[in-house]
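Order of the sequence lines sets the chain letters (A, B, ...), proteins ahead of strands, with each chain counted from 1.
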Protein chains: 2
Amino acid sequence: MEEGNLAGKKPVTLKTIGEKLNISATAVSKALRGDRSISEETTRKVKKLVEELNYRPNSIAKSLRTNETKTLGLVISDSTLSLFAPVIEGVEKVASEKGYSIILADAHSNVEKEKEAVRTLVSHRIDGFMLATSMLTGEEHKSFLDSFGIPYLFLLRKCEYESGNYVINDNVYGTCQMINHLIKTNSKRIHFINIAKSITTAAERERGYREALEANGIAFDKSIVYNVNPSFDEGYHQMSHILDAGEPVETVFCGCDMIAVGAMNSIIEKGYRIPEDIRLASYDDIEFAKYLRVPLTTVRQPKYRIGELGAQMLIEMITKDKDLHIDVVLKPELVLREST
Amino acid sequence: MEEGNLAGKKPVTLKTIGEKLNISATAVSKALRGDRSISEETTRKVKKLVEELNYRPNSIAKSLRTNETKTLGLVISDSTLSLFAPVIEGVEKVASEKGYSIILADAHSNVEKEKEAVRTLVSHRIDGFMLATSMLTGEEHKSFLDSFGIPYLFLLRKCEYESGNYVINDNVYGTCQMINHLIKTNSKRIHFINIAKSITTAAERERGYREALEANGIAFDKSIVYNVNPSFDEGYHQMSHILDAGEPVETVFCGCDMIAVGAMNSIIEKGYRIPEDIRLASYDDIEFAKYLRVPLTTVRQPKYRIGELGAQMLIEMITKDKDLHIDVVLKPELVLREST
DNA sequence: ATGAAAGCGCTAACAC
DNA sequence: GTGTTAGCGCTTTCAT
């Protein structure tokens, strides 16, 4: 038996240890936590027995007593796990370093399921939670989220009210930089297949797009801006519609990489070359953007960093100041590849 | 206030509810769990108040009492999240349907960290756990894993001892099918860039490779079989070495998609065409295999299904029979794309 | 049909 | 230095 309590045997508790040593469970508890009021002698004996019996503290009991579980909830929306994966890694890294575990819940891109996910997390008495690309960013959900009296923050997507906490990248800046770059490199007319308007990010990216056009004296043309769900299929179909309409297409900027992958396939299928005939760029820089048929020019969201900072800020809120206002906006970076 | 206990206010418990209704906490508890010994009248009143006060049961307290937490541990190895993502989704789906939550732990591709991850999960008193592409598949770790007296199983990767539980795909069959297909379509000499030997999967895939060669009367040539870590970089470098050596390369089969992506880039960089000059195939079918520079022919592991079945089997072990022996081997499927 | 009491394993407050 | 008591919120007996 290497460690732990063997199946079937009754678990080792503080009391078990105390009985064997003829001291109280309290003393054992104190000894284990290094309380100086316990003699060195006793502490030594306790630690030895703990080792021998492979005692593992019952964190459930501890949590009930101390009212903290050392767990963080992470709600994700399943649409694009390729976007979440690095965020999860970043969260997990910081959390585990600070002694927290992650309980994962999937919202399945559905408001009701997301609320249910939060309720489930709360019933597990997580110390705080994070919402990645949440659908609950609107003011109307604020009271729901606040009602639990637990710190929380948004990752990747901003909430719509002033007082909310979030860790995001600067979508206006990133888009503006990219559009600016495209214009400087000879794109005059840029089709924009943006993500759906229901997502707060969409408005920010549109703003960046408009600002860049304006700065370069190009008129905004509503008729070449589209909004679709962030999926391969919708990107593919929207691009096909545009191409089928027969109007000249010079440059396409997509609101996220998954849309761009769909658009890319449509463009290639119809016999156009990228970037010779049509230049293509987008946003996110998911892992495989560089491995696509044509490596994709895109704006890199610091996903891993967002995860790290999110966990760090949340733990800050939990341990230091519940009312901390988190408003972290990271600068994204242009990644120029062959698609432009 | 929409629901939950407001920040600052003291939490609503069974006792709170009981006091308002002038009944005992016990009665409230029973009413909530639909115990027939409580009158309809009372049950109705309890439910109404629960709604009003937004009572949420404290699952920590419940767990302490009942000795079950309704949580499942999932240990992943961070090497290729693109491989895990669908597995996690499958696990989460089944788990949440059955009322379980997932605690995630990352082993960071490191044996000691993986053991530490398991210990952390156990200290949270998870009801069972899963190890995805674990490094603890060897006999020497069995007693460690068994010592906690908690059901567990392996996902994606098999343990090396008879009595262990796992949900995997048939690597011998999958590889054999693919190699067989390649041979039938005119490949006679197939370079094999397999994953590292330390991974149990490697041996299975090599066996499939050898069986297919043998069945087709082709001699096994040790000199064109390589073992590298499953990463882009190692695939890229191994392929470059082979190409630089100047020997003729006709067909390359990689032990996993990430290696193939690296190999693909090397092949293209050196000016060869896929599949005209070199045919390329591999194993896994990660999400972006179909979006690569050259869409990849590969063996599809049923990743989502493995997650679903894993969670289902584990819950079975937890609720029905601790000693259930799980030995699920799913048949993979060939996916033929442009790289061959 | 309802309640009182005990206890899950732990920690905190306060004795001695 | 160490022990006693109490209680976190819940469920489970066993009375009534």
* Sequence neighbours excluded, every pair satisfying side chain to side chain donor-acceptor pair (under 3.5 Å) that has a member inside residues 90-102 of chain B -> A/His124-B/Ser101, B/Lys93-B/Glu308
* Mind running a 4.0 Å heavy-atom check of residues 37-45 of chain A against DNA chain D and sending the residues that fall below it, in number order? => A/Ser37, A/Ile38, A/Ser39, A/Thr42
* Asked: When you measure from the side chain of A/Asp127 to the backbone N and O of A/Glu68, does any donor-acceptor pair fall under 3.5 Å?
  -> no
* **From B/Glu116 atom CD to B/His108 atom NE2, the distance as rounded to the nearest 0.5 Å** => 12.5 Å
* Asked: Between atom CD1 of A/Ile60 and atom OG of B/Ser63, what is the distance when rounded to the nearest 0.5 Å?
  -> 5.0 Å
Look for any protein N or O under 3.5 Å of an N or O in nucleotides 14-16 of chain D and output each such pair with its distance, or none.
none

* To do: Examine distances only and state if a side-chain atom of A/Asp35 and a backbone atom of A/Lys30 form a donor-acceptor pair shorter than 3.5 Å.
  => no
* **B/Lys20, NZ: over 12 other non-hydrogen atoms inside 6.0 angstrom** => no
* To do: Look at the side chain of B/Ser59 and the backbone N and O of A/Ser123, then say whether any donor-acceptor pair between them is shorter than 3.5 Å.
  => yes
* Structure fact -> A/Arg36 atom CZ is separated from D/dT2 atom C1', nearest whole Å, by 16 Å
* Asked: Centres of the A/Phe148 and A/Phe144 rings: under 6.0 Å?
  -> yes
* **Pairing of A/Glu51 and A/Lys48 as salt bridge, 4.0 angstrom limit** => no
* Using a heavy-atom cut-off of under 4.0 Å over every strand shown, decide if B/Asp35 touches base, sugar-phosphate, or nothing. => nothing
Protein and nucleotides 8-10 of chain D: nitrogen or oxygen contacts under 3.5 angstrom:
{"residue": "D/dG9", "atom": "N2", "partner": "B/Ala61", "partner atom": "O", "Å": "3.3"}
{"residue": "D/dC10", "atom": "OP1", "partner": "B/Tyr55", "partner atom": "OH", "Å": "2.4"}
{"residue": "D/dC10", "atom": "OP1", "partner": "B/Asn58", "partner atom": "N", "Å": "3.2"}
{"residue": "D/dC10", "atom": "OP2", "partner": "B/Leu14", "partner atom": "N", "Å": "2.7"}

* Answer with yes or no whether the side chains of B/Thr137 and B/Ser134 bring together a donor and an acceptor at under 3.5 Å. => no
* Round to the nearest Å and state the distance from B/Glu68 atom CD to C/dG9 atom C1'. => 17 Å
* For the pair A/Ser29 (side chain) and A/Ala25 (backbone), establish whether a donor and an acceptor sit closer than 3.5 Å, ignoring hydrogens and angles. => no
* Asked: What pairs with B/Tyr166 under ring pair (Phe, Tyr, Trp, His ring centres under 6.0 Å), at least two apart in sequence or on another chain?
  -> none
* Asked: Taking both distances under 3.5 Å as the test for a Watson-Crick or G-U pair, what stems of at least three pairs does DNA chain D have?
  -> C:1-16 with D:1-16
* Asked: What orientation do A/Tyr161 and A/Phe154 show, parallel under 30°, tilted 30 to 60°, or perpendicular over 60°?
  -> perpendicular
